[in-house]
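Here is the structure we will look at.
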Amino acid sequence: MRAVRYHGPGKPFRLEDVPVPQTGPGEVRVRIRAAGMCHTELHFESGLLDLGVAPLTMGHEMAGEIDQVGEGVNSSRLGERVLVYYYSGCGECGWCRRGDENLCDALKAEYGFFNDGAYAEHIVVPARNAVPLPESLSFAEAAPVGCGVTTALHAIALSRLQEGEVVVVYGIGSVGYGLVQVARLRGARVVAVGRTQAKLDLARELGAHEVVNVAEGAGDLPARIRDLTGGRGADVVFELVATRDTMEASTAMLAKRGRLVFIGYSQDAYTVHPIHLVINEAVVTASVGNTLKELKEALALVGDGKVRTVVDRSLPLEAWEEGMKALREGTALGRTILTP
Ligand SMILES: [Zn+2]
Ligand SMILES: [Zn+2]
(Lines give C-alpha, C1' and ligand atoms only; values in the text may rest on other atoms or scores of the structure.)
(Ligands and ions follow the chains in the order given, each with its own letter.)
Protein backbone atom coordinates (compact mmCIF):
# COMPACT_ATOMS: atom_id res chain seq x y z
CA MET A 1 0.00 0.00 0.00
CA ARG A 2 1.05 3.62 -0.32
CA ALA A 3 2.06 5.67 2.73
CA VAL A 4 3.57 9.13 3.33
CA ARG A 5 6.49 8.64 5.68
CA TYR A 6 8.83 10.62 7.89
CA HIS A 7 12.53 9.75 7.68
CA GLY A 8 14.03 11.76 10.51
CA PRO A 9 14.35 15.43 11.50
CA GLY A 10 14.91 17.85 8.65
CA LYS A 11 14.42 15.18 5.97
CA PRO A 12 11.54 15.44 3.50
CA PHE A 13 8.57 13.08 3.84
CA ARG A 14 8.31 10.49 1.06
CA LEU A 15 5.41 8.66 -0.57
CA GLU A 16 6.39 4.98 -0.49
CA ASP A 17 5.12 1.46 -0.92
CA VAL A 18 4.90 -0.48 2.35
CA PRO A 19 3.34 -3.84 3.24
CA VAL A 20 -0.37 -3.85 4.14
CA PRO A 21 -0.52 -4.46 7.93
CA GLN A 22 -2.31 -7.59 9.17
CA THR A 23 -4.41 -7.89 12.32
CA GLY A 24 -3.36 -9.81 15.40
CA PRO A 25 -5.66 -10.94 18.24
CA GLY A 26 -7.99 -8.22 19.48
CA GLU A 27 -7.19 -5.89 16.59
CA VAL A 28 -9.02 -4.46 13.61
CA ARG A 29 -7.69 -3.15 10.33
CA VAL A 30 -9.14 0.10 9.06
CA ARG A 31 -9.23 1.04 5.38
CA ILE A 32 -8.47 4.74 5.82
CA ARG A 33 -10.78 7.02 3.83
CA ALA A 34 -9.93 10.40 5.37
CA ALA A 35 -6.79 11.57 7.18
CA GLY A 36 -6.59 15.07 8.64
CA MET A 37 -3.34 17.02 8.27
CA CYS A 38 -2.33 18.54 11.62
CA HIS A 39 0.30 21.14 12.59
CA THR A 40 2.11 18.33 14.37
CA GLU A 41 3.28 17.08 10.99
CA LEU A 42 4.94 20.46 10.38
CA HIS A 43 6.79 20.04 13.67
CA PHE A 44 8.04 16.62 12.51
CA GLU A 45 9.06 18.09 9.18
CA SER A 46 11.01 20.96 10.74
CA GLY A 47 12.69 18.73 13.33
CA LEU A 48 11.13 20.59 16.30
CA LEU A 49 9.36 17.37 17.24
CA ASP A 50 11.86 14.50 17.13
CA LEU A 51 10.66 11.36 18.87
CA GLY A 52 13.51 9.23 17.54
CA VAL A 53 11.33 6.87 15.50
CA ALA A 54 11.93 6.66 11.73
CA PRO A 55 10.75 5.75 9.22
CA LEU A 56 7.21 6.44 10.36
CA THR A 57 3.90 6.93 8.55
CA MET A 58 2.58 10.37 9.47
CA GLY A 59 -0.89 11.39 10.64
CA HIS A 60 -3.03 10.82 13.73
CA GLU A 61 -6.53 11.89 12.58
CA MET A 62 -8.27 9.19 10.59
CA ALA A 63 -11.63 7.76 9.69
CA GLY A 64 -12.44 4.78 7.52
CA GLU A 65 -14.07 1.38 7.57
CA ILE A 66 -13.01 -1.86 9.20
CA ASP A 67 -11.89 -4.33 6.53
CA GLN A 68 -10.29 -7.06 8.65
CA VAL A 69 -10.82 -8.29 12.20
CA GLY A 70 -8.35 -10.27 14.29
CA GLU A 71 -8.99 -13.27 16.53
CA GLY A 72 -11.46 -12.50 19.30
CA VAL A 73 -13.09 -9.55 17.51
CA ASN A 74 -16.70 -10.00 16.43
CA SER A 75 -16.87 -10.29 12.63
CA SER A 76 -20.04 -8.16 12.73
CA ARG A 77 -17.62 -5.21 12.93
CA LEU A 78 -16.47 -5.78 9.33
CA GLY A 79 -17.56 -2.81 7.24
CA GLU A 80 -18.19 -0.61 10.30
CA ARG A 81 -17.42 3.09 9.76
CA VAL A 82 -15.05 4.26 12.48
CA LEU A 83 -12.87 7.05 13.82
CA VAL A 84 -9.50 5.94 15.21
CA TYR A 85 -8.35 7.00 18.70
CA TYR A 86 -4.61 7.52 18.35
CA TYR A 87 -3.33 6.53 21.82
CA SER A 88 -3.10 2.95 23.01
CA GLY A 89 -2.27 2.97 26.70
CA CYS A 90 -1.05 0.07 28.84
CA GLY A 91 -4.39 -0.03 30.67
CA GLU A 92 -2.61 -0.72 33.96
CA CYS A 93 -0.65 2.34 35.13
CA GLY A 94 -2.22 4.94 37.40
CA TRP A 95 -2.84 7.32 34.50
CA CYS A 96 -4.64 4.71 32.42
CA ARG A 97 -6.70 3.58 35.42
CA ARG A 98 -7.89 7.17 35.85
CA GLY A 99 -8.75 7.37 32.14
CA ASP A 100 -5.81 9.69 31.40
CA GLU A 101 -4.46 7.42 28.70
CA ASN A 102 -2.72 10.35 26.96
CA LEU A 103 -0.26 10.44 29.91
CA CYS A 104 0.27 6.65 30.10
CA ASP A 105 3.65 5.63 31.57
CA ALA A 106 4.02 2.71 29.17
CA LEU A 107 2.12 3.51 25.96
CA LYS A 108 1.70 0.53 23.69
CA ALA A 109 1.23 2.79 20.68
CA GLU A 110 0.67 6.36 19.62
CA TYR A 111 -0.27 6.35 15.95
CA GLY A 112 1.41 9.02 13.87
CA PHE A 113 3.90 9.75 16.67
CA PHE A 114 5.66 6.47 17.61
CA ASN A 115 3.74 4.06 15.36
CA ASP A 116 2.61 4.17 11.75
CA GLY A 117 -0.31 6.53 11.31
CA ALA A 118 -2.97 7.84 8.98
CA TYR A 119 -1.28 8.95 5.75
CA ALA A 120 -1.73 5.46 4.32
CA GLU A 121 -4.36 3.15 2.92
CA HIS A 122 -4.62 0.94 6.02
CA ILE A 123 -3.85 0.88 9.73
CA VAL A 124 -4.15 -1.86 12.35
CA VAL A 125 -5.27 -0.80 15.83
CA PRO A 126 -6.79 -2.46 18.93
CA ALA A 127 -10.55 -2.96 18.42
CA ARG A 128 -11.36 -0.51 21.25
CA ASN A 129 -9.51 2.28 19.36
CA ALA A 130 -11.93 2.06 16.43
CA VAL A 131 -14.96 4.07 17.55
CA PRO A 132 -18.19 3.83 15.52
CA LEU A 133 -19.11 6.94 13.53
CA PRO A 134 -22.53 8.54 13.73
CA GLU A 135 -24.48 7.93 10.49
CA SER A 136 -24.72 11.65 9.84
CA LEU A 137 -20.97 12.19 9.45
CA SER A 138 -18.92 11.73 6.31
CA PHE A 139 -15.37 10.40 6.72
CA ALA A 140 -13.94 13.85 5.86
CA GLU A 141 -16.13 15.58 8.46
CA ALA A 142 -15.28 12.96 11.07
CA ALA A 143 -11.49 12.84 10.71
CA PRO A 144 -10.85 16.31 12.28
CA VAL A 145 -12.72 15.18 15.39
CA GLY A 146 -9.83 12.79 16.14
CA CYS A 147 -7.38 15.53 17.07
CA GLY A 148 -9.00 18.92 16.42
CA VAL A 149 -12.27 18.73 18.35
CA THR A 150 -11.17 16.14 20.91
CA THR A 151 -8.03 18.09 21.83
CA ALA A 152 -10.26 21.14 22.35
CA LEU A 153 -12.52 19.20 24.73
CA HIS A 154 -9.49 18.01 26.69
CA ALA A 155 -7.96 21.48 26.99
CA ILE A 156 -11.28 22.95 28.14
CA ALA A 157 -11.58 20.28 30.82
CA LEU A 158 -8.05 21.06 32.07
CA SER A 159 -8.77 24.81 32.07
CA ARG A 160 -11.58 24.32 34.63
CA LEU A 161 -13.69 26.71 32.58
CA GLN A 162 -16.73 28.06 34.42
CA GLU A 163 -19.91 29.41 32.89
CA GLY A 164 -19.71 33.16 32.30
CA GLU A 165 -15.92 33.29 32.08
CA VAL A 166 -14.01 35.01 29.30
CA VAL A 167 -12.06 32.70 26.98
CA VAL A 168 -9.47 33.86 24.47
CA VAL A 169 -8.62 31.41 21.72
CA TYR A 170 -5.27 32.59 20.40
CA GLY A 171 -4.72 31.02 16.99
CA ILE A 172 -7.51 29.83 14.74
CA GLY A 173 -7.25 26.44 13.05
CA SER A 174 -8.82 23.05 13.56
CA VAL A 175 -8.32 22.98 17.35
CA GLY A 176 -9.20 26.68 17.55
CA TYR A 177 -12.57 26.18 15.84
CA GLY A 178 -13.24 23.34 18.28
CA LEU A 179 -12.32 25.52 21.26
CA VAL A 180 -14.54 28.37 20.12
CA GLN A 181 -17.56 26.11 19.77
CA VAL A 182 -17.08 24.01 22.91
CA ALA A 183 -16.31 27.07 25.08
CA ARG A 184 -19.48 28.74 23.81
CA LEU A 185 -21.49 25.59 24.54
CA ARG A 186 -20.14 25.72 28.10
CA GLY A 187 -21.46 29.23 28.54
CA ALA A 188 -18.22 31.19 28.14
CA ARG A 189 -17.78 34.55 26.45
CA VAL A 190 -15.42 33.74 23.58
CA VAL A 191 -12.86 35.97 21.90
CA ALA A 192 -11.03 34.54 18.88
CA VAL A 193 -7.65 36.06 18.01
CA GLY A 194 -5.84 35.51 14.74
CA ARG A 195 -4.19 37.09 11.72
CA THR A 196 -6.35 35.84 8.86
CA GLN A 197 -9.67 37.61 8.51
CA ALA A 198 -11.38 34.70 6.70
CA LYS A 199 -10.55 32.36 9.61
CA LEU A 200 -11.78 34.96 12.13
CA ASP A 201 -15.00 35.42 10.16
CA LEU A 202 -15.55 31.68 10.30
CA ALA A 203 -14.76 31.66 14.04
CA ARG A 204 -17.48 34.28 14.50
CA GLU A 205 -19.91 32.22 12.43
CA LEU A 206 -19.11 29.23 14.67
CA GLY A 207 -19.91 31.17 17.83
CA ALA A 208 -17.09 33.56 18.82
CA HIS A 209 -18.63 36.65 20.48
CA GLU A 210 -15.70 38.83 19.44
CA VAL A 211 -12.85 38.44 16.99
CA VAL A 212 -9.60 40.38 17.04
CA ASN A 213 -7.27 40.55 14.05
CA VAL A 214 -3.62 40.93 15.09
CA ALA A 215 -2.15 40.97 11.58
CA GLU A 216 -0.52 44.28 12.56
CA GLY A 217 1.10 42.75 15.66
CA ALA A 218 0.00 41.73 19.15
CA GLY A 219 1.39 44.80 20.94
CA ASP A 220 -1.91 46.30 22.10
CA LEU A 221 -3.80 43.02 22.33
CA PRO A 222 -3.85 42.81 26.17
CA ALA A 223 -5.31 46.34 26.29
CA ARG A 224 -7.92 45.42 23.68
CA ILE A 225 -8.93 42.32 25.63
CA ARG A 226 -9.24 44.41 28.81
CA ASP A 227 -11.37 46.91 26.89
CA LEU A 228 -13.66 44.15 25.66
CA THR A 229 -14.07 42.77 29.18
CA GLY A 230 -14.56 45.91 31.23
CA GLY A 231 -10.99 45.73 32.54
CA ARG A 232 -11.22 42.14 33.74
CA GLY A 233 -9.02 40.36 31.20
CA ALA A 234 -9.19 36.73 30.10
CA ASP A 235 -10.09 34.01 32.56
CA VAL A 236 -8.69 31.41 30.19
CA VAL A 237 -6.29 31.86 27.28
CA PHE A 238 -5.68 28.93 24.95
CA GLU A 239 -2.28 29.38 23.30
CA LEU A 240 -2.14 27.71 19.91
CA VAL A 241 0.62 29.88 18.44
CA ALA A 242 3.15 30.27 21.27
CA THR A 243 5.70 32.53 19.69
CA ARG A 244 7.54 35.05 21.89
CA ASP A 245 5.11 37.87 21.02
CA THR A 246 1.94 35.87 21.46
CA MET A 247 3.10 34.35 24.77
CA GLU A 248 3.92 37.78 26.14
CA ALA A 249 0.47 39.06 25.15
CA SER A 250 -1.28 35.94 26.44
CA THR A 251 0.34 36.33 29.85
CA ALA A 252 -0.40 40.05 30.05
CA MET A 253 -4.11 39.63 29.28
CA LEU A 254 -4.81 37.15 32.09
CA ALA A 255 -7.48 38.04 34.62
CA LYS A 256 -7.04 37.38 38.33
CA ARG A 257 -6.73 33.60 38.75
CA GLY A 258 -6.61 33.41 34.96
CA ARG A 259 -5.32 30.22 33.34
CA LEU A 260 -2.94 30.20 30.40
CA VAL A 261 -3.18 26.84 28.65
CA PHE A 262 -0.49 25.89 26.15
CA ILE A 263 -1.63 23.61 23.35
CA GLY A 264 0.60 24.81 20.52
CA TYR A 265 4.33 25.47 20.58
CA SER A 266 6.97 26.97 18.33
CA GLN A 267 10.77 27.31 18.40
CA ASP A 268 10.43 30.02 21.05
CA ALA A 269 10.89 29.57 24.80
CA TYR A 270 8.38 30.92 27.31
CA THR A 271 9.90 33.46 29.67
CA VAL A 272 7.94 35.28 32.30
CA HIS A 273 8.83 37.16 35.44
CA PRO A 274 7.00 35.40 38.31
CA ILE A 275 5.66 38.73 39.55
CA HIS A 276 3.25 38.78 36.59
CA LEU A 277 1.81 35.48 37.77
CA VAL A 278 2.04 36.15 41.51
CA ILE A 279 0.05 39.37 41.61
CA ASN A 280 -2.90 37.76 39.83
CA GLU A 281 -2.50 34.22 41.19
CA ALA A 282 -2.37 33.23 37.54
CA VAL A 283 -1.86 29.63 36.47
CA VAL A 284 0.20 28.44 33.53
CA THR A 285 -0.66 24.96 32.38
CA ALA A 286 -0.64 22.81 29.25
CA SER A 287 -2.72 20.25 27.45
CA VAL A 288 -1.58 17.33 25.34
CA GLY A 289 -3.82 15.10 23.25
CA ASN A 290 -7.01 13.69 24.68
CA THR A 291 -8.69 10.64 26.13
CA LEU A 292 -10.87 7.95 24.58
CA LYS A 293 -13.81 9.15 26.65
CA GLU A 294 -13.35 12.68 25.26
CA LEU A 295 -13.14 11.34 21.71
CA LYS A 296 -16.53 9.66 22.18
CA GLU A 297 -17.99 12.86 23.65
CA ALA A 298 -16.57 14.90 20.76
CA LEU A 299 -18.04 12.50 18.20
CA ALA A 300 -21.45 12.78 19.85
CA LEU A 301 -21.27 16.60 19.80
CA VAL A 302 -20.34 16.66 16.12
CA GLY A 303 -22.84 13.90 15.27
CA ASP A 304 -25.61 15.92 16.95
CA GLY A 305 -24.62 19.05 15.02
CA LYS A 306 -23.63 20.98 18.18
CA VAL A 307 -20.04 21.32 16.94
CA ARG A 308 -18.92 21.55 13.33
CA THR A 309 -15.63 20.48 11.84
CA VAL A 310 -14.19 22.66 9.10
CA VAL A 311 -12.77 20.93 6.05
CA ASP A 312 -10.81 23.16 3.69
CA ARG A 313 -10.18 20.66 0.93
CA SER A 314 -9.78 16.95 0.24
CA LEU A 315 -6.71 15.72 -1.63
CA PRO A 316 -5.61 12.32 -2.89
CA LEU A 317 -2.69 10.87 -0.91
CA GLU A 318 -0.23 11.62 -3.72
CA ALA A 319 -1.04 15.34 -3.40
CA TRP A 320 0.16 15.40 0.23
CA GLU A 321 2.83 18.00 -0.63
CA GLU A 322 0.09 20.48 -1.57
CA GLY A 323 -1.47 19.89 1.86
CA MET A 324 1.84 20.41 3.67
CA LYS A 325 2.37 23.64 1.74
CA ALA A 326 -1.07 24.89 2.79
CA LEU A 327 -0.25 24.03 6.43
CA ARG A 328 3.14 25.74 6.27
CA GLU A 329 1.71 28.89 4.72
CA GLY A 330 -1.44 28.87 6.86
CA THR A 331 -3.60 29.23 3.76
CA ALA A 332 -6.05 26.44 4.58
CA LEU A 333 -9.19 27.77 6.22
CA GLY A 334 -9.79 24.49 8.05
CA ARG A 335 -8.44 20.95 7.90
CA THR A 336 -6.90 19.61 4.75
CA ILE A 337 -7.98 16.00 4.33
CA LEU A 338 -6.07 13.29 2.52
CA THR A 339 -8.18 10.55 0.98
CA PRO A 340 -5.81 7.57 0.70
ZN1 LIG B 1 -3.16 16.85 15.80
ZN1 LIG C 1 -0.80 3.24 31.12
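Atoms within a ligand are numbered from 1 in the order they appear, just like the ligands themselves.
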Is a donor from one side chain sitting under 3.5 angstrom from an acceptor on the other, for Asp245 and Thr243?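 No, no side-chain donor-acceptor pair sits under 3.5 Å.
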
Check the side chains of Asn102 and Thr291 for a donor-acceptor pair under 3.5 angstrom, ignoring hydrogens and angles. no

Quick one: the SG of Cys38, the Zn ion (ligand 1), SG of Cys147 angle, rounded to 10°, please.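 Vertex the Zn ion (ligand 1), arms to SG of Cys38 and SG of Cys147: 130°.
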
Tyr6 and its ring-ring contact (aromatic ring centres under 6.0 Å, His included) partner, picked from Trp320, Phe44, Phe113: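 With Tyr6 as partner, Trp320, Phe44, Phe113 yield a single ring-ring contact (aromatic ring centres under 6.0 Å, His included), made by Phe44.
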
Checking only N/O/S atoms, does His39 have one that is under 2.8 Å from the Zn ion (ligand 1)? no

What's the SG-the Zn ion (ligand 2)-SG angle here (Cys104, Cys90), rounded to 10 degrees?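 That angle is 100°.
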
Indicate, with yes or no, if Leu260 and Val236 share a hydrophobic cluster defined by side-chain heavy-atom contacts under 4.5 Å among Ile, Leu, Val, Met, Phe, Trp and Tyr.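 No, it is not one cluster - the side chains of Val236 and Leu260 are not joined through contacts under 4.5 Å.
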
Have a look at His60 and say which of its N, O or S atoms is nearest the Zn ion (ligand 1).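 When I compare the N, O and S atoms of His60, NE2 is nearest to the Zn ion (ligand 1).
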
